[in-house]
Participant: 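Have a look at this one before I ask anything.
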Protein chains: 2
Amino acid sequence: MGAEKRFRDEGPAAVTDIATTGRALPHPEREQIRLESVLHALSDPIRLEIVCELAARESELSCSQFDLPVTKSTTTHHFRVLRESGVIRQVYRGTAKMNGLRRGDLEDLFPGLLDSLLAAAGRQAVRLREGG
Amino acid sequence: MGAEKRFRDEGPAAVTDIATTGRALPHPEREQIRLESVLHALSDPIRLEIVCELAARESELSCSQFDLPVTKSTTTHHFRVLRESGVIRQVYRGTAKMNGLRRGDLEDLFPGLLDSLLAAAGRQAVRLREGG
DNA sequence: CTCGTACTACGATGGATGTCAAACTACGAC
DNA sequence: GTCGTAGTTTGACATCCATCGTAGTACGAG
């Protein structure tokens, strides 16, 4: 699927995002978010877990607060997929990178979808835990 | 992600599925359906289109009734992914292979999810058509 | 039995994807 | 400035995946 290549060549001049600290991160606009990309992003167990965790706590979480069974570079990769698909918003705060669900945008584009997905994931988690 | 290999070695003796004609097709049981697999299946534009079409007409459709921009072998591939993920049920009727959504099973496992997904897909189709 | 239709199976292929290790950058604290 | 923490980048690698073409199988009609 044609994932648009993105560039990180902005010098210190091009700070487009209003982050609390430097370093801008490319996010798709709400209108650019594609359902297929969202579904693809959530079709990976680790990314689904991240999103569920993010939904459970209402607040934003830094990448390091997740206990994931992969290395740091893989973690970076998964968070980037989630961001570039439009599922989460990432902002630097000092040395930490805070992650938050883009609830509003997703609800606008696909009403009810995120909640259904989270409910489905929760249900399955229970089902798998009970079933052994 | 680990798709369980399946076999098609049942001789003329093992007709497990109650098809109108021979040839059985392996389907996952309802309890075996995984959310991640469903999302992965639907994250492909062609497969999403198939599912939308299948939902629009309430009836079952044969593979050849879809006008897809890929060859026959690729079409076979996509239908198999949908079947093996538990999204559709396939049954042979004569030389045709009829496809139907597994609405009941999916609703049982993930209440409301399929409708949200279909609504989201429909909404996006409208949005993309209008936006050019 | 033969033929046509509908679909499958089997490679092959180019591109995406998940994973890691190692080296690197950015920031806050001291 | 130096150090440690947090996250990135790069390159490598194995696997997966969508796609195709060609050859093959299954079934109904004649």
Side-chain angles (χ1 to χ4, degrees), chain A residues 1-12 15 19-26 36-37 39-50 60-85 90-99, chain B residues 1-12 15 19-26 36-37 39-50 61-66 68-85 90-99:
Chain A
M1 287 130 268
E4 334 73 282
K5 300 265 177 261
R6 292 174 171 288
F7 317 104
R8 48 253 157 291
D9 56 9
E10 23 251 317
V15 182
T20 37
T21 325
R23 281 184 290 177
L25 290 164
E36 295 91 325
S37 304
L39 297 183
H40 171 246
L42 298 181
S43 72
D44 181 279
I46 292 190
R47 291 194 291 259
L48 189 56
E49 186 185 332
I50 291 174
E60 296 193 324
L61 293 175
S62 75
C63 295
S64 55
Q65 296 181 57
F66 294 83
D67 188 25
L68 302 173
V70 288
T71 64
K72 271 194 306 175
S73 27
T74 304
T75 300
T76 297
H77 162 69
H78 285 307
F79 275 103
R80 187 179 26 170
V81 172
L82 286 171
R83 169 168 47 85
E84 292 183 345
S85 68
Q90 296 192 291
V91 170
Y92 280 107
R93 185 140 63 217
T95 157
K97 194 190 215 170
M98 306 308 290
N99 304 277
Chain B
M1 287 125 270
E4 331 74 275
K5 300 263 175 262
R6 292 176 171 287
F7 317 104
R8 47 259 144 298
D9 56 7
E10 21 253 313
V15 183
T20 38
T21 326
R23 280 185 291 178
L25 289 164
E36 294 91 326
S37 304
L39 297 184
H40 170 247
L42 298 181
S43 72
D44 181 279
I46 294 191
R47 291 194 292 259
L48 188 57
E49 187 186 331
I50 291 175
L61 293 175
S62 76
C63 294
S64 54
Q65 295 179 58
F66 293 84
L68 302 173
V70 289
T71 64
K72 273 193 304 177
S73 24
T74 305
T75 300
T76 296
H77 163 68
H78 285 306
F79 275 103
R80 189 180 24 179
V81 172
L82 285 171
R83 169 169 48 85
E84 292 184 344
S85 68
Q90 296 191 290
V91 171
Y92 279 107
R93 184 142 62 216
T95 158
K97 193 189 214 171
M98 306 307 291
N99 303 278

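Computed over heavy atoms, backbone and side chain alike; hydrogens, waters and symmetry mates excluded. Each chain gets a letter, A, B and so on, in the order its sequence line appears, and its residues count up from 1.
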Participant: Send over the distance from B:Ile46 CD1 to D:dC17 P, rounded to a whole Å.
Facilitator: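 Spelled out: CD1 on B:Ile46 to P on D:dC17 is 16 Å.
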
Participant: Mind calculating the distance between CG (A:Asn99) and P (D:dG7) to the nearest angstrom?
Facilitator: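 Going from CG in A:Asn99 over to P in D:dG7 covers 8 Å.
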
Participant: What is the distance, rounded to the nearest whole Å, between atom CG of A:Leu82 and atom C1' of C:dG18?
Facilitator: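 Value for this atom pair: 14 Å.
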
Participant: So which nucleotide from D:dT19, D:dG7, C:dT17 ends up closest to the side chain of A:His40?
Facilitator: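 So the nucleotide nearest the side chain must be C:dT17.
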
Participant: Looking only at side-chain N and O atoms, does A:Arg47 come under 4.0 Å of OP1 or OP2 in C:dG18?
Facilitator: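 For A:Arg47, the contact criterion (side-chain N or O under 4.0 Å from OP1 or OP2 of C:dG18) is met.
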
Participant: List for me each residue that meets side-chain contact (heavy atoms from CB on, under 4.5 Å) alongside B:His78, sequence neighbours excluded, and say none if there are none.
Facilitator: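 Only B:Asp44, B:Ile46, B:Arg47, B:Ile50, B:Thr74 meet the side-chain contact (heavy atoms from CB on, under 4.5 Å) criterion with B:His78.
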
Participant: In chain order, what residues pass the side-chain contact (heavy atoms from CB on, under 4.5 Å) check against A:Ser62, with sequence neighbours excluded?
Facilitator: A:Ser64, A:Gln65, A:Ala96, A:Met98

Participant: Between P on C:dC7 and CD on B:Gln90, what's the gap in Å once rounded to a whole number?
Facilitator: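 For the pair B:Gln90 CD and C:dC7 P, the rounded distance is 10 Å.
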
Participant: Kindly write out the residues that satisfy side chain to side chain donor-acceptor pair (under 3.5 Å) with A:Glu36, not counting sequence neighbours, or none if the list is empty.
Facilitator: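 Side chain to side chain donor-acceptor pair (under 3.5 Å) check on A:Glu36 returns A:Arg34, B:Gln124.
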
Participant: Report yes if a side-chain nitrogen or oxygen of A:Thr71 is closer than 4.0 Å to either non-bridging phosphate oxygen (OP1 or OP2) of C:dC20; otherwise report no.
Facilitator: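 Yes, A:Thr71 has a side-chain N/O under 4.0 Å of OP1/OP2 on C:dC20.
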
Participant: Look at B:Thr74 and D:dA18 and indicate whether a side-chain polar atom (N or O) is within less than 4.0 Å of OP1 or OP2.
Facilitator: no

Participant: What's the spacing between A:Leu25 CG and A:Phe79 CZ if we round to 0.5 Å?
Facilitator: 12.5 Å

Participant: Send over the distance from B:Glu84 CD to D:dC17 P, rounded to a whole Å.
Facilitator: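 Spelled out: CD on B:Glu84 to P on D:dC17 is 11 Å.
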
Participant: Just verifying a value: how many Å separate B:Leu42 CG and A:Leu39 CG, rounded to the nearest 0.5 Å?
Facilitator: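 That separation rounds to 6.0 Å.
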
Participant: Return yes if some donor-acceptor pair links the side-chain N/O of B:Asn99 with the main-chain N/O of B:Gln90 below 3.5 Å, else return no.
Facilitator: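 No.
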
Participant: CZ of B:Arg93 versus P of C:dC7: gap in Å, rounded?
Facilitator: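 The answer, rounded to whole Å, is 12 Å.
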
Participant: Can you give me the N/O atom pairs linking the protein to nucleotides 3-6 of chain D at distances under 3.5 Å, or say none if there are none?
Facilitator:
unit_1	atom_1	unit_2	atom_2	d
D:dA6	O4'	A:Thr95	OG1	2.9

Participant: Could you state the atom-to-atom distance from CZ of B:Phe66 to P of C:dA6 in whole Å?
Facilitator: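 These atoms are roughly 15 Å apart.
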
Participant: Any N or O donor-acceptor pair linking the side chain of B:Ser73 to the base of D:dG21 at under 3.5 Å?
Facilitator: yes

Participant: Strictly below 4.0 Å: does A:His78 bring a side-chain N or O up to OP1 or OP2 of C:dT19?
Facilitator: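 Yes, because at least one side-chain N or O of A:His78 sits under 4.0 Å from OP1 or OP2 of C:dT19.
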
Participant: What is the distance, rounded to the nearest whole Å, between atom NE2 of B:His77 and atom P of D:dC20?
Facilitator: 11 Å

